[in-house]
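First up is the structure itself, then whatever we jot down about it.
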Amino acid sequence: YRFAKVAMHLLQFSTSHYCRKARLALGYKQIPYQVENLTPGLHRLRLQPLTGTATLPVLIPKTGGETGAEKSAIADSSDIFQFLEQYQLDPPLLPTDPVERRQALQIEDWLDESIGTATRFVYYQFRSKEGKSLDASLVSQVIIQVVRRQYGITERSAAAAAKRLDLALDWLHDHWQSGYLVGDQLSVADLTAAALLSPLARIPAYRQQADWLFQQIAAIHQQCQEPLPPGLESLPTETPVGLK
């Protein structure tokens with residue numbers, strides 16, 4: 001249990017950066033929830049009756065209390081953000097200014113559809129090669145190969161994804177390292193970036209070239225009361241970079 005009284009039930013893969021995105025939003029709004037970790041492949045049996053899809057995360061609101069009746073399931077991290085904004089406005093995930101709101105949603109969509117996918121390709125390519133030593137167990141390696149086949153991750157596609165990531169990090173370096181992506185407070189854009197880029201913390205090359213990025217990611221996790229991602233557990237977070 002993340003908080004004392006459970007109001008939400010989150011179905012997730014424990015290692016998914018898109019599921020991390022949903023947890024950051026719940027934590028930022030301080031909405032009580034519990035997680036149910038599913039097994040890749042077998043997760044379809046759990047999700048099919050709920051959403052008709054095989055996509056995680058899935059949020060199931062409860063009508064009240066720890067044993068409250070479950071309401072309709074909400075699939076997709078962006079839809080979960082929209083639901084949480086209606087469920088509890090404060091603190092807001094979206095800027096009140098219409099132009100800034102549109103910018104935040106555009107950045108979220110770019111991160112979701114392009115950069116989050118690129119991160120997945122680069123991360124699982126790394127884990128299947130030089131990063132295999134992070135967890136060489138049979139179960140871990142089988143899951144990595146399942147993910148690679150599911151998303152068509154090859155050496156060539158991972159290299160193309162790495163180029164996309166390099167361009168994204170250049171842009172983020174100019175727009176994010178000294179403040180918020182949009183406006184003057186955390187928004188859906190910051191939470192999405194912090195979640196979807198978090199797997200890069202386990203890849204030495206990115207840790208060496210973009211320390212500012214992981215300082216930002218750690219600071220946002222701290223503000224959202226979410227444990228730091230793997231690879232950042234020992235990173236100091238007492239002085240968030242650019243996040244006042």
Side-chain angles (χ1 to χ4, degrees), residues 1-40 42-96 101 104-105 107-109 111-112 116 180-183 185-196 198 217-230 232-233 237 240 243:
Y1 292 84
R2 266 308 265 114
F3 296 95
K5 185 179 178 183
V6 174
M8 303 282 169
H9 191 80
L10 182 67
L11 307 182
Q12 66 165 17
F13 292 142
S14 61
T15 59
S16 166
H17 53 338
Y18 286 93
C19 296
R20 179 175 294 277
K21 177 185 168 187
R23 295 199 307 274
L24 287 177
L26 287 160
Y28 180 55
K29 287 185 175 287
Q30 297 188 40
I31 295 173
Y33 72 97
Q34 71 179 137
V35 298
E36 179 181 343
N37 291 318
L38 303 184
T39 302
L42 297 178
H43 73 288
R44 296 172 183 270
L45 301 176
R46 179 77 166 95
L47 296 187
Q48 194 64 35
L50 293 173
T51 64
T53 70
T55 303
L56 288 170
V58 168
L59 185 69
I60 307 174
K62 292 190 174 184
T63 56
E66 294 187 6
T67 59
E70 293 182 347
K71 300 172 70 175
S72 298
I74 303 158
D76 186 83
S77 61
S78 294
D79 290 342
I80 289 172
F81 271 46
Q82 293 290 340
F83 169 80
L84 293 177
E85 193 73 343
Q86 296 173 8
Y87 177 84
Q88 179 179 302
L89 179 59
D90 195 40
L93 289 166
L94 292 170
T96 55
R101 177 183 293 249
L105 290 172
I107 292 172
E108 182 202 16
D109 184 67
L111 291 165
D112 273 348
Y180 302 98
L181 282 172
V182 177
Q185 67 180 55
L186 278 180
S187 73
V188 60
D190 301 290
L191 269 59
T192 302
L196 299 192
S198 63
I217 290 173
I220 289 171
H221 277 69
Q222 183 185 43
Q223 191 163 342
C224 295
Q225 305 177 59
E226 173 68 20
L228 293 180
L232 296 184
E233 298 92 342
T237 56
L243 300 178

Review point. Do you know which two heavy atoms are closest between His17 and Gly116, and how far apart they sit?
Key: NE2-O, 3.0 Å
Point to revise | Residue pair Tyr28, Gln223: steps toward the side chain to side chain contact (heavy atoms under 4.5 Å, CB included) verdict | key: CA-CA 7 Å; Tyr28 180 55; Gln223 191 163 342; 4.1 Å; yes
Check your understanding: Would a 4.5 Å heavy-atom cut-off, applied to side chains only, mark Leu228 and Ile217 as touching?
Key -> no
Exercise for review: Evaluate the side chain to side chain contact (heavy atoms under 4.5 Å, CB included) criterion for residues Gln222 and Ile220: first the C-alpha distance (whole Å), next the side-chain angles of each, then the deciding distance (0.1 Å), finally the verdict.
Suggested key: CA-CA 5 Å; Gln222 183 185 43; Ile220 289 171; over 6 Å; no
Check your understanding: So, Thr39 side chain and Leu42 main chain: donor-acceptor pair closer than 3.5 Å or not?
Key -> no
**Study point:** Side-chain touch Tyr18/Leu56, heavy atoms, less than 4.5 angstrom
**Key:** no
Practice item. Spell out, as yes or no, whether a donor-acceptor pair under 3.5 Å connects the side chain of Glu85 to the backbone of Leu94. Key: yes
Check your understanding: Under a 4.5 Å cut-off applied to non-hydrogen side-chain atoms, are His221 and Pro229 in contact?
Key -> yes
Check your understanding: Is the distance between the ring centroids of His43 and Phe13 less than 6.0 Å?
Key -> yes
Point to revise | 4.5 Å side-chain heavy-atom contact, Val58 and Ile74 | key: no
Practice item. Show the numbers, then the answer: is there a side-chain hydrogen bond (donor to acceptor under 3.5 Å, both in side chains) between Asp76 and Thr55? Key: CA-CA 7 Å; Asp76 186 83; Thr55 303; over 6 Å; no
Study note, to complete from the structure: Closest heavy-atom pair, Ser78 versus Asp112, reported as atoms and distance to 0.1 Å, is OG-OD2, 2.8 Å
**Study point:** Side-chain ion pair, Lys21 and Glu108, N-O less than 4.0 Å
**Key:** yes
Review point. Is there a side-chain contact between Gln12 and Arg20 (heavy atoms, below 4.5 Å)?
Key: no
Exercise for review: May I ask you to test the Leu84-Gln86 pair for a side-chain heavy-atom distance under 4.5 Å?
Suggested key: no
Check your understanding: Looking at Arg46 and Pro49, what are the two nearest heavy atoms and their distance?
Key -> O-CD, 3.6 Å
Point to revise | Side chain proximity check, Met8 to Tyr87, heavy atoms < 4.5 angstrom | key: yes
Practice item. Step by step, work out the side chain to side chain contact (heavy atoms under 4.5 Å, CB included) result for Leu50 and Leu11. Key: CA-CA 11 Å; Leu50 293 173; Leu11 307 182; 3.6 Å; yes
**Study point:** Heavy-atom pair with the smallest gap, counting every atom of Ile107 and Val182
**Key:** CD1-CG2, 3.7 Å
Practice item. Would you give the length of the straight line joining atom OG1 of Thr51 to atom CG of Leu47, rounded to the nearest 0.5 angstrom? Key: 5.0 Å
Exercise for review: Could you pull out the closest heavy-atom pair between Leu111 and Ala193, with the gap in Å?
Suggested key: CD1-N, 3.6 Å
Exercise for review: Report the C-alpha separation of Leu59 and Leu26 in whole Å, then their side-chain angles, then the decisive distance to 0.1 Å, and conclude whether the side chain to side chain contact (heavy atoms under 4.5 Å, CB included) test is met.
Suggested key: CA-CA 10 Å; Leu59 185 69; Leu26 287 160; 4.2 Å; yes
Exercise for review: Decide yes or no for Leu93 and Lys29: does some side-chain heavy atom of the first lie under 4.5 Å from some side-chain heavy atom of the second?
Suggested key: yes
Review point. How many angstroms lie between atom CD of Glu36 and atom OG of Ser14, to the nearest 0.5 angstrom?
Key: 12.5 Å
Exercise for review: Identify the two heavy atoms, one from Ala54 and one from Arg44, that lie closest to each other, and give their separation to 0.1 Å.
Suggested key: CB-NH1, 3.4 Å
Review point. Under 3.5 Å, is there a donor-acceptor pair between the side chain of Arg101 and the main chain of Pro95?
Key: yes
